[in-house]
**Student:** 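The structure's right below; bear with me while I get my questions together.
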Amino acid sequence: MLMILSAWVSVFPTILMAPAKHMWTLATSQGFLITFFSLSWMFLQDFNFANPLFLIDKISGPLTILTCWLFPLTMLASQSKMRLEPINRQRAYILNITFLQLMTLLAFSTPDLMLFFIFFEASLVPTMIVITRWGAQERRLEAGMYLAFYTMLGAIPLMIWITKFYSVHGSLLPTLTHTLHITQAATNYPGLFWTIYNAAFLVKLPIYCLHLWLPKAHVEAPIAGSMILAGTLLKLGGYGILRSAPLLREEDLNQTLPIMLIAILGILATALLCLRQTDLKSLIAMSSVSHMNLVLAAVLVSSPWSYSGAMVMMIAHGLTSSALFCLANTSYERTNSRTMILLRGMLLIFPLAGLWWLIIMLLNMGLPPSINFAGEVLIMLSLFSWSPVAFLTVALNLIFTTAYTLYVLWATQRGPLPDHIKTLFPYQIREHLLLSLHILPGFLLILNPELIL
């Protein structure tokens, strides 16, 4: 772990001293090297590796590898637009993205609750800088403000609880589950207590009703910002909720029923909202909210199958939603528009890109035998054992997801080419490589899904 962290830190001097011509190549190759080393965590004592500094287990292991995997992919995705900027701005951009991914990695791998909170909040600063400095439109400052206020207001109860917990018990995460009965005895409303101290994670996830910052942030963010936001930052919320799930005793589950109802409503409402979107990035952001609410519903069921389903869903969603944002970005770079009616007819000009759209949208829909499908099946089965009514309600989501998948494919790929488009430069090998590297881990995990269960 220390070797990988030192490799991350070495990215900073490399970028500062690298000549302009080789800077992006060095950053990307260093990212791939870090990813290669991080794969060793899959086989490290069967994902149980803990010491006072780092904790790599079945929950944090897959998420840390996902974080390392997405870093070189963000470097690949950002090059075409960023190369046009002055060299110092390019350096600042790469350093910012590196710092953001490093904070996320440390948040996933720290065993200490207070350090987790610090890294969790530290990831907000570079995210805001990326959105407000390199965002494409004039509403990027508003998006940054939304992100900051939602995240910081949600974090206040968590900070108070952690400070109290720290002063009474000390707070190593592995000992968390053993000391909880002491903390819980003090409250008469464990469901409300769970909801309030999890508010930071529910905002980050985001739960429906607290999700308004996400479409704004995604629409305004540059491609690397969108990829990291969808791929790893939303997973910080899911990771926090999974870590604190043992706090919720079986007899207290009925007290979190309002949260479960909001999550189920969010799954359906955001899937239906996808059918009303005209902006491609906004649609992908809404589908992210739908998937992450499914993760929340799974965690609230609190069974081993539902935890496994939530974990698989997070990894699968991290890869597919990041790939969808890459696809949206490739279209945006060619047409300077994210409005779907102006992107129609792409299949005629870019048939191979049409295949990428089809594969990634089908993965997003949860087509068997993808890991997205495996995650959904595990969650659905655990929901059914918890409540058949909840299962039937969430099953409607399958219809709505299929509907907006067909809507996206029809709106962007079919139909006549718009008259205003005169020339479109062809897809580069870099872009095909980027998309194939998003899909490859998902296909490999089909063969051995136990690695993330």
Side-chain angles (χ1 to χ4, degrees), residues 1-9 11 31 34-74 97-127 151 155 158 162 171-174 176 198 200-201 203-205 227-246 292 295 299 307-308 310-319 321-322 441 445 451-453:
M1 183 70 193
L2 281 170
M3 183 175 72
I4 291 166
L5 272 184
S6 54
W8 269 102
V9 173
V11 175
I34 291 166
T35 307
F36 178 72
F37 284 128
S38 74
L39 290 174
S40 64
W41 291 332
M42 275 196 183
F43 313 104
L44 197 66
Q45 302 168 19
D46 195 31
F47 258 157
N48 274 322
F49 164 70
N51 63 28
L53 294 174
F54 305 109
L55 169 76
I56 301 288
D57 63 359
K58 286 280 188 185
I59 302 176
S60 61
L63 291 166
T64 47
I65 293 170
L66 179 70
T67 307
C68 293
W69 183 260
L70 284 179
F71 172 67
L73 301 190
T74 55
I97 296 292
T98 310
F99 181 70
L100 172 54
Q101 288 290 62
L102 183 61
M103 288 299 106
T104 318
L105 181 76
L106 287 168
F108 283 138
S109 59
T110 181
D112 192 287
L113 199 55
M114 189 59 104
L115 280 177
F116 169 69
F117 178 74
I118 290 166
F119 293 134
F120 178 81
E121 289 302 314
S123 65
L124 174 67
V125 179
T127 314
T151 309
L158 179 65
I162 286 178
S171 76
L172 286 174
L173 270 175
L176 188 59
N198 266 316
F201 305 136
V203 167
K204 201 77 164 181
L205 195 65
M227 284 171 70
I228 294 171
L229 203 55
T232 52
L233 289 180
L234 300 190
K235 309 304 171 284
L236 274 173
Y239 174 73
I241 288 173
L242 268 173
R243 273 280 180 234
S244 61
M292 296 315 285
V295 169
V299 174
Y307 290 151
S308 294
M311 195 70 230
V312 174
M313 193 75 178
M314 285 201 288
I315 299 297
H317 173 263
L319 292 166
S321 65
S322 178
L445 285 168
L451 288 173
I452 53 170
L453 284 174

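Quick note: numbers below take in every heavy atom, side chains included, and nothing from hydrogens, waters or symmetry partners. Because the structure is predicted, anything quoted here is derived from the model rather than measured.
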**Student:** Who pairs with Ala155 by side-chain contact (heavy atoms from CB on, under 4.5 Å), at least two apart in sequence or on another chain?
**Tutor:** Phe117, Glu121, Ala200

**Student:** Determine yes or no for a side-chain-to-main-chain donor-acceptor pair under 3.5 angstrom, with Ser244 supplying the side chain and Gly240 the backbone.
**Tutor:** yes

**Student:** Taking all heavy atoms of Ala107 and all of Leu236, pick out the closest pair and write down the distance.
**Tutor:** CB-CD2, 3.6 Å

**Student:** Between Thr74 and Ile228, which heavy-atom pair has the shortest distance, and what is it?
**Tutor:** CG2-CG1, 3.7 Å

**Student:** A side-chain contact here means heavy atoms from C-beta on lying under 4.5 Å apart; do Leu233 and Leu100 qualify?
**Tutor:** yes

**Student:** Please check: side-chain N/O of Ser322 versus main-chain N/O of Leu319, any donor-acceptor pairing under 3.5 Å?
**Tutor:** no

**Student:** Between Leu5 and Phe54, is any pair of side-chain heavy atoms under 4.5 Å apart?
**Tutor:** yes

**Student:** Check whether any side-chain N or O of Ser60 sits under 3.5 Å from a backbone N or O of Leu55 as a donor-acceptor pair, and report yes or no.
**Tutor:** yes

**Student:** On a heavy-atom basis, which atom in Gly237 and which in Leu205 lie closest, and how many Å separate them?
**Tutor:** C-CD1, 3.9 Å

**Student:** Excluding sequence neighbours, so at least two apart, what forms side-chain hydrogen bond (donor to acceptor under 3.5 Å, both in side chains) with Ser38?
**Tutor:** none

**Student:** Ignoring hydrogens, what is the shortest heavy-atom contact between Leu242 and Met314? Give both atom names and the distance.
**Tutor:** CD1-CE, 3.4 Å

**Student:** Identify, with sequence neighbours excluded, every residue that meets side-chain contact (heavy atoms from CB on, under 4.5 Å) alongside Ser321.
**Tutor:** Ala230, Ser288, His317

**Student:** Hey, mind stepping through Leu39 and Ile65 against side-chain contact (heavy atoms from CB on, under 4.5 Å) and telling me if it holds?
**Tutor:** CA-CA 6 Å; Leu39 290 174; Ile65 293 170; 3.9 Å; yes

**Student:** For residues Thr104 and Phe108, determine if any side-chain heavy atom of one lies less than 4.5 Å from a side-chain heavy atom of the other.
**Tutor:** yes

**Student:** Between Met311 and Ile452, what is the shortest heavy-atom contact and its length?
**Tutor:** CG-O, 3.4 Å

**Student:** Strictly distance-based, threshold 3.5 Å: is any side-chain N or O of Thr35 a donor or acceptor partner for the main-chain N or O of Cys68?
**Tutor:** yes

**Student:** Would you mind reporting whether Leu158 and Ile162 have side-chain heavy atoms less than 4.5 Å apart?
**Tutor:** yes

**Student:** Please identify each residue that fulfils ring pair (Phe, Tyr, Trp, His ring centres under 6.0 Å) with Phe120, with sequence neighbours left out.
**Tutor:** Phe116, Phe201

**Student:** Applying side-chain contact (heavy atoms from CB on, under 4.5 Å), can you list everything that pairs with Phe99, at least two apart in sequence or on another chain?
**Tutor:** Phe12, Met103, Pro126

**Student:** List in chain and number order the residues that pass side-chain contact (heavy atoms from CB on, under 4.5 Å) with Phe37, two or more places apart in sequence or in another chain; answer none if no residue qualifies.
**Tutor:** Met3, Ile4, Leu33

**Student:** Closest heavy-atom contact between Leu70 and Gly318?
**Tutor:** CD1-O, 4.4 Å

**Student:** Using atom types as modelled and distance alone, determine if a side-chain donor or acceptor of Thr64 lies under 3.5 Å from a backbone N or O of Gly61.
**Tutor:** yes

